[in-house]
Amino acid sequence: MNQTARIYKMNKKATVLMLAATALLASCSQSEGLLPSGDLVPVTIHASLDEAIQTRAEGETIGRCLLQVVENNVPGEVQEMDASGNGYTASLQLATGSTYTFLFWADDADGTVSDLSKVSYSSGIAYADRVDWHNEATISAELTHVVTKVTLQTTGTLEKDKKGSIQILKVYTTYNVATEKPSGTATAQSYTYSATSTLNGTPDAPAEVAVFYALVDGEGTQTLTLDNGAETSIPNVPLAPNTHVILRGDVQNVGFTTATITATADADWQDSDEPIDF
């Protein structure tokens with residue numbers, strides 16, 4: 001082989017190596033900023049509420065269950081899950097090289113929700129849950145109440161058309177499913193009641209006056225104010241998510257006589273024959 005042929009062969013080999021290096025650098029450059037990916041696998045998601053639908057009290061209906069998938073800390077679009085039996089389902093394709101967190105929110109509202117880390121809340125029952133993915137083929141979520149349920153009961157007569165209100169000092173209007181806590185600033189809120197007919201309750205068989213729900217953080221107790229024409233403080237009420245608080249007393253006469261309002265807490269949410277006193 002003459003010298004010219006040898007030089008040509010060496011130059012050709014160098015050119016091939018340079019092209020390979022250039023292609024490798026281009027490949028690395030194009031992958032910068034992209035989410036890590038791996039094999040796509042099918043995953044089924046099941047979401048259920050912490051009590052069967054048919055056992056919920058009147059007014060505690062759920063119209064939708066929303067899902068938001070957070071992939072590698074990047075939130076995706078909020079989607080509505082399909083109702084299935086007593087729960088909800090969704091089917092996804094997930095990349096095994098990525099990390100995922102699933103945020104769930106269920107309520108009976110109509111408004112559009114674009115981010116489950118800041119869900120607007122105004123009234124009614126609501127549930128939430130957060131689940132991280134560990135490469136399971138099936139993911140199960142059990143949503144629990146994010147609100148406290150407050151029932152007002154009278155142990156005396158409450159005449160028709162008698163009106164009043166209960167004020168809670170710290171109530172939130174936004175919930176962050178990612179942190180599993182209310183967010184924003186808490187403000188005072190009043191909940192009104194009005195007797196549509198005359199109620200006749202007794203200490204052994206109190207009559208239900210009203211039920212309402214409040215989004216609270218559950219940090220410590222609160223002092224509530226009952227206003228039936230006279231204001232009465234109800235101290236040390238343990239309002240908390242997933243807790244049913246029962247306010248009981250002679251609603252019409254409290255503040256005008258020696259009647260008082262007591263509070264009990266039922267951690268099982270539904271009315272209990274033996275509420276927990278505190």
Can you tell me how far OG1 of Thr157 sits from CG of Asp250, rounded to the nearest 0.5 angstrom? 7.5 Å
With Thr101 via side-chain hydrogen bond (donor to acceptor under 3.5 Å, both in side chains) - residues at least two apart: Asp132
When you compare the side chain of Ile139 with that of Val43, does any pair of heavy atoms fall below 4.5 Å? yes
Gap separating the CD1 atom of Ile45 from the CG atom of Asp82, nearest 0.5 angstrom: 11.5 Å
Shared hydrophobic cluster, Leu169 / Leu226 (ILVMFWY, side-chain heavy atoms < 4.5 Å): no
Would Asn242 and Thr144 count as having a side-chain donor-acceptor pair, cut-off 3.5 Å? no
Tell me the closest heavy-atom pair linking Ser194 and Lys163, and the distance in Å. OG-CG, 3.6 Å
Should Val150 and Tyr191 be marked as a side chain to side chain contact (heavy atoms under 4.5 Å, CB included) after you check the CA-CA gap, both sets of side-chain angles, and the distance that decides it? CA-CA 10 Å; Val150 180; Tyr191 301 84; over 6 Å; no
Side-chain heavy-atom pair Ile166, Thr225 within 4.5 angstrom cut-off: no
Please tell me if the side chains of Gln153 and Ile246 come closer than 4.5 Å, counting only heavy atoms from C-beta onward. yes
Derivation of the side chain to side chain contact (heavy atoms under 4.5 Å, CB included) call for Thr151 and Glu208: CA-CA 7 Å; Thr151 298; Glu208 183 177 290; 4.0 Å; yes
State whether the side chain of Asn228 and the backbone N or O of Val251 hold a donor-acceptor pair below 3.5 Å, judged by distance alone. yes
Under 3.5 Å: donor-acceptor pair, side chain of Thr202, backbone of Ala205: yes
Are the side chains of Leu143 and Leu49 in touch, meaning some heavy atoms are under 4.5 Å apart? yes
Rounded to the nearest 0.5 Å, the OG1 atom of Thr155 sits from the CG atom of Leu199 at a distance of 12.0 Å
Any donor-acceptor pair under 3.5 Å from Asp129 side chain to Glu142 backbone: yes
Which atom pair, heavy atoms only, marks the closest approach of Gln167 to Ala188? NE2-CB, 4.1 Å
Using only atom types and a distance under 3.5 Å, with no angle test, would you say the side chain of Glu219 pairs donor to acceptor with the backbone of Asp217? no
With a 6.0 Å cut-off (strictly less than), is the heavy-atom count around CG of Asn135, excluding the residue itself, greater than 12? yes
On a heavy-atom basis, the closest approach of Val147 and Ala126 is CG2-N, 4.1 Å
Test your reading of the model: is there a side-chain donor-acceptor pair from Thr148 to the backbone of Pro241, 3.5 Å cut-off? no
Distance in Å, Thr112 OG1 paired with Asp110 CG, rounded so as to fall on 0.5 Å steps: 9.5 Å
Would you tell me whether His46 and Thr138 have side-chain atoms, one donor and one acceptor, within less than 3.5 Å of each other? no
Tell me whether the count of non-hydrogen atoms from other residues, nucleotides or ligands lying under 6.0 Å of CD in Gln93 goes above 12. yes
Under the side chain to side chain contact (heavy atoms under 4.5 Å, CB included) criterion, do Arg248 and Thr260 qualify, and how do the steps go? CA-CA 8 Å; Arg248 182 178 298 165; Thr260 59; over 6 Å; no
Give a yes or no on whether the backbone of Gly76 and the side-chain of Gln68 come within a donor-acceptor separation of less than 3.5 Å. yes
So which heavy atom on Ser165 is nearest to which on Tyr193, and how close? N-CE2, 3.4 Å
Please identify which of these residues, Tyr175, Tyr127, Tyr213, meets the ring-ring contact (aromatic ring centres under 6.0 Å, His included) condition with His145. Tyr127
Can you confirm whether Tyr100 sits close enough to Val131 that some side-chain heavy atom of one is under 4.5 Å from a side-chain heavy atom of the other? no
Heavy atoms, side chains only, cut-off 4.5 Å: are Val211 and Lys149 in contact? yes
Give a yes or no answer on whether the side chain of Arg130 reaches the backbone of Ala178 with a donor-acceptor pair at less than 3.5 Å. yes
Is the closest side-chain donor-acceptor distance between Trp105 and Asp107 under 3.5 Å? yes
How far does CG of Leu215 sit from CG of Leu239, to the nearest 0.5 angstrom? 11.5 Å
Before giving the answer on side chain to side chain contact (heavy atoms under 4.5 Å, CB included), spell out for Leu94 and Thr96 the whole-Å C-alpha distance, their side-chain angles and the decisive distance to 0.1 Å. CA-CA 6 Å; Leu94 304 183; Thr96 55; over 6 Å; no
Let me see the working for Ser117 and Asp115 under side chain to side chain donor-acceptor pair (under 3.5 Å), right down to the final yes or no. CA-CA 5 Å; Ser117 67; Asp115 188 352; 2.8 Å; yes
Sequence-distant partners of Tyr121, ring-ring contact (aromatic ring centres under 6.0 Å, His included), two or more places apart: none
If I compare all heavy atoms of Val113 with all of Arg64, which pair ends up nearest, and what's the gap? CG2-NH2, 3.6 Å
Which residues pass the ring-ring contact (aromatic ring centres under 6.0 Å, His included) test with Tyr172, sequence neighbours left out? none
If you measure from CG on Asp161 to OG1 on Thr198, what distance do you get to the nearest 0.5 Å? 8.5 Å
For the pair Asp108 (side chain) and Gly63 (backbone), establish whether a donor and an acceptor sit closer than 3.5 Å, ignoring hydrogens and angles. yes
What pair of heavy atoms forms the shortest contact from Ala90 to Leu67, and how long is it? CB-CD2, 4.1 Å
What about Phe256 and Leu247, same hydrophobic cluster or not, with Ile/Leu/Val/Met/Phe/Trp/Tyr joined at side-chain heavy-atom distances under 4.5 Å? no
Judged by modelled atom types alone, do Ser98 and Asn72 share a side-chain donor-acceptor pair under 3.5 Å? yes
Keeping Thr257 on the side-chain end and Ala259 on the backbone end, is there a donor-acceptor pair under 3.5 Å? yes
